[in-house]
There are 2 protein chains.
Amino acid sequence: MTAAATRHHIVEAADRLFYERGFEATAFADIAAQTGLSRGNFYYHFKTKDEILAAVIALRLERTERLLARWREEAGSPREAIESFSQMLIGNRTEIMRHGCPVGTLCAELAKLDHRALGRATELFYLFRDWLAGQFTALGRRQDAERLALHLLMRSQGIATLATAFRDEDFIRREVEAMNGWLDSECPDTAPLPHP
Amino acid sequence: MTAAATRHHIVEAADRLFYERGFEATAFADIAAQTGLSRGNFYYHFKTKDEILAAVIALRLERTERLLARWREEAGSPREAIESFSQMLIGNRTEIMRHGCPVGTLCAELAKLDHRALGRATELFYLFRDWLAGQFTALGRRQDAERLALHLLMRSQGIATLATAFRDEDFIRREVEAMNGWLDSECPDTAPLPHP
DNA sequence: GTCTATACGGAGATAGAC
DNA sequence: GTCTATCTCCGTATAGAC
C-alpha cells in the first residue's frame, strides 16, 4: 500500500470514529483497531492527533462540496435541490438518532474544548449556507437568501439534536414535512403541486 | 462545612465545568481547582465520576422545575409564559455562543459516549416539552400541544447550535423574532398587539 | 470529613529495529 | 513504511494518616 493510500485509510477511519464517539473520546488504539495498523505507524503520517483532525475536516469539506455539486446537478430546479437537503435528514436518520449531525456535534465539541480547529470546522456550515443561499437566490430571493439559508440550517440542527436525545424517527419525518411546508410558504410559486 | 454543603459545592462546580468544557474533558483536578478541595476528598462524597454526573443532572432537573414554575407564576398568560422560553436564548446568549445549550450539548455528548445517563439527561428535555405543551393546551391547542412544544424545542436547539458555531448574536435575535412570529401564526388570537 | 501519597491504566507521543 | 518497545503524562480511583 502506498503512503497516500495508508494515510487516506487512517483519515477515513478517524472520520467515522470522530463522528460516532467524538474527537476526544477516540483514541489511537481505536483507529488502530479499525485500520489494522499499529499505533506507532500513525506518527509517520501525522505528527499529532490534531493533524489527523485537520485532515478529517479537510476530507469532510471535500466530500461536502462534491455532495452539494451532485445535488445541484441532479435536481430539476432550485426547489428540488433544497429538498435534497431536507431529505438528507430522513436518509441519514439512523446515524443521526445515534450520533447527531456530524457537523453540529463536531463544532459543539470543538467549541467546548476551545480548540483551534473550530473555525475550520465551521467552514462546513458555511458550505451548506452558501449553497442554500445560492438556491434561494436562484428562486428570486437574492435579498434575504442568506437569512433563509441559515433558517434551514438552524432547523436541520434542531431536528438532529432532538432526534438524538429522543431517538424518535416520527419526529424527524414530521419536522421535515414542516420544513417543506415552510419552504412552500416562503416560496409559494415553487411549491410542488399537491397530489391529485 | 457540613458534608451536605461540601457535596453541594462539588456538584455546583461540576455542573459549570461539565457545561463549559464537557463531561469527559472535565477532570477531577479541574473540579478540585474550582472548589479548593483535594481530589481525594471527592471519593468521600461520590464513588465514581459517573455519580457526580448523576448528581449534576439531578441538580439541573430541580433547577429546571423551579425555573419553569417561576415562568408560569410570573407570566400574565400562557403566551407570555412561552415567550419566557424564547427570551431565554437572548438572556443566555453569551454562554450559548461559547458553550451551546447545556441540555442539548450534554445529551449529544452522552449519546456519543453511549453513556447510561443519557436517558436521565433527556428528562431535562421532557420537562421543557411537557411544560410548553401545558401552555399550548391552555391556549386551546390540546390536540397538537406536544407537536407544537417539540417544534419550539427544536428551534431552540438549532439556534443554540448555530450560534455556537457562528458566534453570531444577531442571528439569535433574528431567529427568536421568527420564533415569536411562528407563535403568532399558530396562535393568532394570543398575539400581542403591534406597537401603535 | 479532609488531607497526602500512591496505585494503576490508558492516553499521546518517541526511538529505533526491520 | 511499518513494526515493537517504551517514555511520559494525566486520568480515575484507593489507602490510610490526621
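Letters A, B, ... mirror the listed sequences (proteins, then strands); counts begin at 1.
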For A/A25 and A/K47, take the nucleotide of DNA chain C holding the closest heavy atom to each; which residue's nucleotide lies nearer the 5' end?
->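 Per heavy-atom nearest nucleotide, the more 5' residue is A/A25.
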When all nucleic acid strands are considered with a 4.0 Å heavy-atom cut-off, which category describes A/T35: base, sugar-phosphate, or nothing?
-> nothing
Ring centre gap for A/F28 and A/Y43 strictly below 6.0 Å = yes
Under 6.0 Å between the ring centres of A/W182 and B/W182?
-> no
Of the listed nucleotides ([options]), which one gets closest to any side-chain atom of [X]?
X     : options                : result
A/Y43 : D/dA13, C/dT14, D/dG11 : C/dT14
A/A27 : D/dT12, C/dT2, C/dG12  : C/dG12
B/T48 : D/dA13, C/dA11, C/dG12 : D/dA13

Which residues, if any, of residues 7-23 of chain A bring a heavy atom under 4.0 Å of DNA chain D?
->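 Residues of residues 7-23 of chain A under 4.0 Å from DNA chain D: none.
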According to a strict under-4.0 Å criterion, is A/T6 in side-chain N/O contact with OP1 or OP2 of D/dT2?
->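 Affirmative; the distance criterion is met.
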So, is A/Y44 near the phosphate of D/dG1, with a side-chain N or O under 4.0 Å from OP1 or OP2?
-> yes
In terms of the angle between their ring planes, are A/Y126 and B/F166 parallel, tilted or perpendicular, with boundaries placed at 30° and 60°?
->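 Rings of A/Y126 and B/F166: tilted, as their planes differ by 30° to 60°.
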Does some side-chain heavy atom of B/L150 sit less than 4.5 Å from a side-chain heavy atom of A/R174?
->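 A/R174 vs B/L150: side chains touch.
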State, with a plain yes or no, whether a side-chain heavy atom of A/F128 is found less than 4.5 Å away from one of A/L152.
->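 No, too far: nothing below the 4.5 Å cut-off.
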Side chain to side chain donor-acceptor pair (under 3.5 Å) contacts touching residues 20-37 of chain B (sequence neighbours left out) |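 Those involving residues 20-37 of chain B are B/R16-B/Q34, B/R21-B/D30.
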Between the protein and nucleotides 3-7 of chain C, are there any N/O to N/O pairs under 3.5 Å, and if so, what are the atom names and distances?
residue: C/dC3; atom: OP2; partner: B/S38; partner atom: N; Å: 3.0
residue: C/dC3; atom: OP2; partner: B/S38; partner atom: OG; Å: 3.1
residue: C/dC3; atom: OP2; partner: B/N41; partner atom: ND2; Å: 3.3

When rounded to the nearest 0.5 angstrom, what distance separates SG in A/C107 from CD in A/E123?
-> 10.0 Å
Does a side-chain N-to-carboxylate-O contact under 4.0 Å join A/R7 and A/E12?
->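 No, no charged N to carboxylate O under 4.0 Å.
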